[in-house]
Colleague: 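If you scroll down you'll find the structure; I have some questions about it.
Note that these values count all heavy atoms, side chains included, but never hydrogens, waters or copies made by symmetry.
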Amino acid sequence: MQLKYLGLMCVTLLSFSSLSYAKAEDFFRLSGGGLLISGIEMQYAEVMTLISKEKSSEQIGRNHYILNASVGGQFDVQFTFKHGKLTEITTKQMGRVDQY
């Protein structure tokens, strides 16, 4: 009986996790640890709050920033919004800081 409930719970959890699936290219992790995910359609204000907390962020255009990632160094990041929701993050690695 418990095995039956355990099986049903696993199937339910797997179906819910597939609904919130985001591809690897759909997020950008800031060096401060904040996570931006387009798959959950974050609001413009939420994204700007996370970016403003980053001391090393540099705005170079409308929704266009130079940001330090938690892994990989510095990136040129362009955010695309539609109706106030984040729909796409385009990134290009600019430099990498190697620590010895």
Side-chain angles (χ1 to χ4, degrees):
M1 188 69 152
Q2 289 177 339
L3 186 58
K4 181 179 175 182
Y5 287 118
L6 182 61
L8 285 174
M9 189 165 67
C10 288
V11 169
T12 304
L13 289 174
L14 288 174
S15 64
F16 280 123
S17 67
S18 66
L19 294 175
S20 62
Y21 175 76
K23 297 180 303 231
E25 358 6 286
D26 289 342
F27 71 90
F28 183 81
R29 186 181 300 273
L30 296 166
S31 62
L35 187 62
L36 304 179
I37 302 178
S38 64
I40 62 169
E41 297 182 334
M42 292 179 71
Q43 296 293 322
Y44 177 83
E46 294 172 304
V47 174
M48 293 304 115
T49 299
L50 286 171
I51 291 172
S52 68
K53 290 179 182 179
E54 288 294 309
K55 294 177 178 73
S56 62
S57 68
E58 177 187 344
Q59 185 171 7
I60 58 173
R62 182 179 175 165
N63 301 323
H64 194 179
Y65 296 87
I66 302 296
L67 299 170
N68 287 320
S70 59
V71 176
Q74 200 172 46
F75 286 80
D76 180 339
V77 183
Q78 176 75 43
F79 298 101
T80 305
F81 294 90
K82 186 173 183 177
H83 304 293
K85 291 185 179 180
L86 181 62
T87 58
E88 184 180 0
I89 301 171
T90 306
T91 62
K92 179 182 174 190
Q93 188 173 19
M94 296 183 64
R96 185 179 179 106
V97 177
D98 293 324
Q99 296 180 354
Y100 297 97

Colleague: Tell me every residue that passes side chain to side chain contact (heavy atoms under 4.5 Å, CB included) with T80, counting only those two or more places apart in sequence or in another chain.
Modeller: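 Once residues adjacent in sequence are excluded, the partners of T80 under the side chain to side chain contact (heavy atoms under 4.5 Å, CB included) criterion are T87, E88.
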Colleague: Are side-chain heavy atoms of I66 and V77 found at a separation under 4.5 Å?
Modeller: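 Not in contact.
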Colleague: Can you list every salt bridge (Lys or Arg N to Asp or Glu O under 4.0 Å) pair that touches residues 78-87, not counting sequence neighbours?
Modeller: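 Residue pairs passing salt bridge (Lys or Arg N to Asp or Glu O under 4.0 Å), neighbours aside: E41-K85.
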Colleague: Excluding sequence neighbours, so at least two apart, what forms side-chain hydrogen bond (donor to acceptor under 3.5 Å, both in side chains) with E54?
Modeller: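 Testing E54 for side-chain hydrogen bond (donor to acceptor under 3.5 Å, both in side chains), a comparison that skips the adjacent residues, returns S31.
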Colleague: Can you list the residues that meet the side chain to side chain contact (heavy atoms under 4.5 Å, CB included) rule with Y44, with sequence neighbours excluded?
Modeller: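 Listed in chain order: M48, N63, F81.
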Colleague: Given M42 and L50, is the side-chain contact (heavy atoms from CB on, under 4.5 Å) satisfied, shown in steps?
Modeller: CA-CA 11 Å; M42 292 179 71; L50 286 171; 3.7 Å; yes
Colleague: S56: what forms a side-chain hydrogen bond (donor to acceptor under 3.5 Å, both in side chains) with it, not counting sequence neighbours?
Modeller: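 Residues passing side-chain hydrogen bond (donor to acceptor under 3.5 Å, both in side chains) with S56: N68.
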Colleague: Could you tell me which residues satisfy side-chain hydrogen bond (donor to acceptor under 3.5 Å, both in side chains) with Q78, sequence neighbours excluded, listed by chain and number?
Modeller: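 By the side-chain hydrogen bond (donor to acceptor under 3.5 Å, both in side chains) rule, Q78 matches H64.
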Colleague: Do L67 and T91 have side chains that get closer than 4.5 Å, going by heavy atoms?
Modeller: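 Heavy-atom side-chain distance check fails, nothing below 4.5 Å.
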